[in-house]
Amino acid sequence: MAPGARAGTGRVMWLTPERLFYAGLLGSPSVRTMGGLLIYVALRAPIRIRFDGGPWASTELAVVPAYMPHSVACDDRMICDLGLEAESIDLARLPSVIRGRAGPVDDAAFVRHVRQAHAYLSERGRELDLQADSFDQIFFGHALAPRRLDPRIEAVVQRIRNAPSATATAESCAASAHLSFSRFLHLFKEEVGTPFRSFRTWKRARSLLHYVTQDSNLAHVALDTGYPDSTHFSHSIRQVYGLKPSDIFAGSRKLALIGERVAVGDGMPG
DNA sequence: CTGCACTGGGATGGAAGGTG
DNA sequence: CACCTTCCATCCCAGTGCAG
């Protein structure tokens, strides 16, 4: 079960319900559209990034708003990125390094800081008792201000987040929120910033990350993560990550997962 | 906040094609 | 050969704007 702790590769992933830190192989992704606010940090070579077929920009640091299609490349095999779940952060109160940004950002101090954090986590991360809330502390020096959602929408967000593989229809979510179907869809988009369906799609695709170090065939992973078959699985994963599922798994062989305490996907303990 | 009409595209699954 | 990805056709869920 526990993949060998390979010190030295520097390949590390820290996954919490609202945050992601990834330092590992990039592969050759095509256009990708992720549901979190992304912060790319160059490790050993500058990264290149572009939006919507526009010109490539070379940079040490780039910010991509949630649900914004983009392409990223790098001369080095390794890349580093932070992912902040869009519905969990107050966009207006983000640190200035990411607030309102889309594209390359010039902040050498932040780049240096993230690289140091990466070195620290890849050396010691597996030994530490990392809480989800220490993520912000490590990377930003303080907890990021959370977004305050309408409690009825918040409950639905939690429901999907806790069981991303379940197929909760918008109609059932509306009922559980005691809202009309119409009102629910409108309010959901207003609060979360993205339509219900794309949110659900993203959370499902994101849950794949919990499985990437496991060694089972993709058809099983597809079913475990809530996709009806490998066809839809392949298509959807490619849409989100810009990579084929098999490439993602192949590239994650030596990836050390840290901060992973409970398997996400099935029931709550107690 | 509800109800409604219109519509686009995500969801789906069979089958063919590709790859190691 | 097993497994994975792409292709394609179909369907209906959900996105949206608006009247009330």
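Chain naming here is simple, since letters A, B, ... match the order of the sequence lines and numbering starts at 1 in each.
Residue A:R238 places at least one side-chain N or O under 4.0 Å from the OP1 or OP2 atom of C:dT6. Remark: A:T201 is in phosphate contact with B:dA11, judged by side-chain N or O atoms under 4.0 Å from OP1 or OP2. OP1 or OP2 of C:dT16 has at least one side-chain nitrogen or oxygen of A:K189 nearer than 4.0 Å. Between A:R183 and the phosphate of C:dA14, there is no side-chain N or O to OP1/OP2 separation shorter than 4.0 Å. At least one side-chain nitrogen or oxygen of A:R200 sits closer than 4.0 Å to the OP1 or OP2 atom of C:dA14.
Base engagement by A:T231 is indicated by at least one non-hydrogen atom pair under 4.0 Å involving a base atom.
A salt bridge between A:R152 and A:E191 is absent, with no side-chain N of the basic residue lying under 4.0 Å from a carboxylate O of the acidic one. Under the 4.0 Å criterion applied to side-chain N and carboxylate O atoms, A:E85 and A:R161 are not assigned as salt-bridge partners.
If you take CZ of A:R197 and P of B:dG9, they are 10 Å apart, rounded to a whole angstrom. B:dA11 atom P lies 11 Å from atom CD1 of A:I237, rounded to whole Å.
You'll find the side chain of A:L243 stays beyond 4.5 Å of the side chain of A:I237, heavy atoms only.
Note that the CG atom of A:L37 and the CE atom of A:M68 stand 10.0 Å from one another [nearest 0.5 Å].
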